Amino acid sequence: MKKAIITGVTGQDGSYLAELLIEKGYDVHGIIRRSSVDYRERIAHLEGNPQFHLHYGDLIDSTSLISVIAMVRPDEIYNLAAQSHVQVSFDVPEYTADVVATGVLRVLEAVRMCGLADTCKIYQASTSELYGKVEEVPQSETTPFHPYSPYAVAKQYGFWIVKEYREAYNMFCCSGILFNHESERRGETFVTRKITLAAARIAQGKQEKLYLGNLSSLRDWGYAKDYVECMWLILQNDKPEDFVIATGVQHSVREFCQLAFHEAGIELEFKGEGMDEKGYDKATGKVVIEVSPDFYRPTDVVNLWGDPTKAKTELGWNPAKTSFEELVKIMVQHDMKKVAVERAGEYVACNLEEYLEKGVVK
Ligand code: NAP
Ligand code: GDD
């Protein structure tokens, strides 16, 4: 039985990857952080499974990483842990660098210190944010990087330190340069989930309006469940290499809104420009989307579009498994059900939008 460690197992990708590896017969060890609240919702269904184990640890704490790696002696490590919110990285740049940049180095060094450099394969969760202020469209493995946020600069260090350890110590470590991938488990402050939850709440009369930032921003959005398969394939490849993982299809935030609201039963019409642009419910004429400066970033990445040819041809990965339309449908259908059982007042009590409007939470 192969043994794998997943850092960031409580996150969107970590939870899907844990399911996939368990299905493949792995013994899966997830690293979690201590928290005063229950944040294990995404992996609750796996707890109790004899192939699934949890260990406390933190990417900013080498000792914890060394002790878990020494005890498990894994065949594969998937380093998914990160402060992964780009806008938040402008608020906590030093912490973001510690987890997202130095954290990768800590994992690599822990593997070496445990004498596993020759046997343990390492996957690093890299990102399309590396292309940032893009120098080429679409972006592939040969496109130059131009990181454009504290998060992206930290991920750039992670990418290069992985490459360095591969060349210096002949370690099997690789980066997956993943474009945005979403799901019904996506964090609620990333734009897609913020939209699908708001569409569901507005359709059910539980929210008045949705406030967003740059509606013209373009992304190549895929389904997270499909993307974790590729993480695994990258480590099963004959040689350690880096891969772009994307769908090759691009849409704007505005288009995402239109489709999500349509799935929730509301036809949208946008009028106006820039900060004055508004989304109207065609049937009632009510404004349901407004633009707020709170959600603009000091520097924003506005044109991400990936070329997945290498992953398709060399790994046999299918970038078209779940279409953009199917993805939006999955997310909205999930959130319509979730919102329907929200108790009266529950949303108001922890009204994220209100905090967002006040700029407390990005
Ligand atoms: P996510 O939902 O935000 O999950 C992040 C995970 O990292 C959580 O389990 C979190 O634990 C953990 N974490 C954060 N700081 C940590 C620390 N100091 N020590 C240990 N664990 C820590 O992110 P995701 O969407 O699943 O993404 C997974 C990885 O892929 C991240 O590295 C992200 O940067 C990268 N990525 C994501 C995308 C995307 O579109 N989703 C695209 C490209 C790359 P808590 O639950 O305790 O907070
Ligand atoms: N979050 C958010 N909230 N984004 C908004 C909003 C809003 O209200 N309004 C517009 N946007 C725009 C952002 O400015 C950005 O251009 C785009 O929507 C996507 O934002 P996010 O969903 O927050 O994702 P991201 O692209 O910044 O980062 C995600 O994808 C990266 C891969 O490209 C994260 O998952 C990163 O961890 C990941 O590396």
Side-chain angles (χ1 to χ4, degrees), residues 6-18 30-35 37-43 56-61 64-65 78-89 95-96 98-100 102-104 106-107 123-132 139 147-149 151-152 154-155 158 175-183 185-195 198 210-224 227-228 231 245-246 252-254 256-257 289-292 294-297 299-304 306 353 356 361-362:
I6 302 176
T7 72
V9 73
T10 54
Q12 169 189 256
D13 293 4
S15 64
Y16 284 123
L17 181 65
I31 293 184
I32 57 167
R33 301 189 287 175
R34 192 263 158 185
S35 167
V37 288
D38 183 14
Y39 59 100
R40 276 144 63 168
E41 190 187 330
R42 295 186 181 106
I43 52 166
Y56 282 113
D58 197 304
L59 244 63
I60 60 174
D61 174 11
S64 66
L65 296 174
Y78 295 85
N79 183 38
L80 310 186
Q83 187 303 93
S84 73
H85 202 287
V86 174
Q87 190 165 356
V88 172
S89 77
Y95 173 73
T96 302
D98 204 1
V99 182
V100 175
T102 319
V104 185
R106 292 190 186 102
V107 171
Y123 170 86
Q124 164 59 16
S126 192
T127 170
S128 50
E129 287 289 311
L130 295 185
Y131 300 119
Q139 297 93 35
Y148 214 37
S149 65
Y151 165 83
K155 281 282 183 185
S175 292
I177 306 173
L178 271 60
F179 282 63
N180 297 51
H181 44 281
E182 318 294 316
S183 73
R185 294 186 196 170
R186 184 60 142 151
E188 297 184 9
T189 59
F190 294 96
V191 79
T192 56
R193 192 74 199 287
K194 188 175 162 185
I195 295 168
L210 167 64
Y211 293 88
L212 292 171
N214 186 359
L215 297 172
S216 301
S217 190
L218 296 163
R219 287 290 182 275
D220 178 329
W221 279 296
Y223 188 30
Y227 282 41
V228 298
M231 296 178 186
I245 310 301
S252 66
V253 171
R254 191 180 294 101
F256 194 103
C257 288
I289 298 180
E290 278 197 40
V291 175
S292 160
D294 285 341
F295 304 111
Y296 273 81
R297 298 170 182 184
T299 49
D300 196 13
V301 171
V302 294
N303 194 2
L304 291 180
E353 288 302 325
L356 290 169
V361 175
K362 300 296 190 314

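The structure displayed is predicted, hence computed values, not measured ones. FYI, the numbering just counts along the sequence from 1. The basis for the numbers below is simple: all heavy atoms, side chains too, and nothing from hydrogens, waters or symmetry mates. Both counts, for ligands and for their atoms, begin at 1 and track the order of listing.
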Practice problem: Fit a plane to each ring of Y123 and Y78, take the angle between them on a 0 to 90° scale, and name the class: parallel (under 30°), tilted (30 to 60°) or perpendicular (over 60°). | Solution: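 Tilted, since the angle between the ring planes falls between 30° and 60°.
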Quick one, [X] and [Y] - any side-chain contact, counting heavy atoms below 4.5 Å?
{"X": "S128", "Y": "N180", "answer": "yes"}
{"X": "S183", "Y": "Q12", "answer": "yes"}
{"X": "C257", "Y": "I289", "answer": "yes"}
{"X": "D13", "Y": "M231", "answer": "yes"}
{"X": "V253", "Y": "R219", "answer": "no"}
{"X": "Y131", "Y": "I177", "answer": "yes"}
{"X": "L59", "Y": "L65", "answer": "yes"}
{"X": "L212", "Y": "F295", "answer": "no"}

Is ligand 1 less than 4.0 angstrom away from at least one heavy atom of [X]?
{"X": "K155", "value": "yes"}
{"X": "R40", "value": "no"}
{"X": "T7", "value": "no"}

Looking only at non-hydrogen atoms, which of [options] approaches [atom] most closely?
{"atom": "atom 14 (C) of ligand 1", "options": "G30, A82, A246", "answer": "A82"}
{"atom": "atom 12 (C) of ligand 2", "options": "L210, N214, T189", "answer": "N214"}
{"atom": "atom 33 (C) of ligand 1", "options": "Y151, F190, Y56, Y16", "answer": "Y151"}
{"atom": "atom 11 (N) of ligand 2", "options": "L178, T299, V191", "answer": "V191"}

Nearest protein heavy atom with distance in Å, relative to [atom]:
{"atom": "atom 41 (N) of ligand 1", "answer": "R186 NH1, 3.2 Å"}
{"atom": "atom 17 (C) of ligand 1", "answer": "D58 OD1, 3.4 Å"}
{"atom": "atom 10 (C) of ligand 1", "answer": "T10 OG1, 4.0 Å"}
{"atom": "atom 40 (O) of ligand 1", "answer": "H181 N, 2.9 Å"}
{"atom": "atom 29 (C) of ligand 1", "answer": "L80 O, 3.1 Å"}
{"atom": "atom 21 (N) of ligand 1", "answer": "A81 CB, 3.3 Å"}
{"atom": "atom 3 (O) of ligand 1", "answer": "S84 OG, 2.7 Å"}
{"atom": "atom 2 (O) of ligand 1", "answer": "Q12 N, 3.1 Å"}

Enumerate the atoms of ligand 2 whose separation from the nearest heavy atom of [X] is less than 4.0 angstrom.
{"X": "V253", "result": "18 (O)"}
{"X": "V86", "result": "27 (O), 28 (O)"}
{"X": "V301", "result": "16 (O)"}
{"X": "S217", "result": "15 (C), 16 (O), 17 (C)"}
{"X": "R186", "result": "29 (C), 34 (C), 35 (O)"}
{"X": "G213", "result": "6 (C), 8 (O), 9 (N), 10 (C)"}
{"X": "K194", "result": "7 (C), 8 (O)"}
{"X": "S84", "result": "34 (C), 36 (C), 37 (O)"}

Look only at interatomic distance and state if [X] has a nitrogen or oxygen under 3.5 Å from any nitrogen or oxygen of ligand 1.
{"X": "G11", "result": "yes"}
{"X": "L59", "result": "yes"}
{"X": "S128", "result": "no"}

[Y] backbone acceptor or donor facing [X] side chain under 3.5 Å:
{"X": "K155", "Y": "A125", "value": "yes"}
{"X": "E188", "Y": "F190", "value": "no"}
{"X": "H85", "Y": "Q83", "value": "no"}
{"X": "Q139", "Y": "N303", "value": "yes"}
{"X": "S64", "Y": "D58", "value": "yes"}
{"X": "D220", "Y": "G306", "value": "yes"}

What part of [X], side chain, backbone, both or neither, has a heavy atom within less than 4.0 angstrom of ligand 2?
{"X": "R219", "value": "side chain"}
{"X": "L212", "value": "both"}
{"X": "Y296", "value": "neither"}
{"X": "L304", "value": "side chain"}
{"X": "R297", "value": "side chain"}

Checking contacts here: is it the side chain or the backbone of [X] that comes within 4.0 Å of ligand 1, counting heavy atoms only? Could be both or neither.
{"X": "S126", "answer": "backbone"}
{"X": "E129", "answer": "neither"}
{"X": "D13", "answer": "both"}

Quiz item: Side-chain donor-acceptor pair under 3.5 Å between T10 and R42, yes or no?
Solution: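 Short answer, no.
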Quiz item: How about S149 and R297: does a side-chain donor come under 3.5 Å of a side-chain acceptor?
Solution: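 No donor-acceptor contact under 3.5 Å links the two side chains.
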Practice problem: Indicate the atoms forming the closest heavy-atom contact of V104 with Q124, along with that distance. | Solution: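 Of all heavy-atom pairs spanning V104 and Q124, the closest is CG2-NE2, 3.6 Å.
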Quiz item: Got a second to check how far E182's CD is from Y227's OH, nearest 0.5 Å?
Solution: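 E182 CD to Y227 OH: 9.0 Å, rounded to 0.5 Å.
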Quiz item: Between R106 and D98, is the closest basic N to carboxylate O distance under 4.0 Å?
Solution: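 Result for this pair is yes, salt bridge flagged.
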Quiz item: Out of curiosity, is N180 lining ligand 2, as in a heavy atom under 4.0 Å away?
Solution: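 Contact present.
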Practice problem: Number the atoms of ligand 1 from 1 as they appear, then name those within less than 4.0 Å of a heavy atom of L178, with their elements. | Solution: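 Here the atoms of ligand 1 in question are 42 (C), 43 (C).
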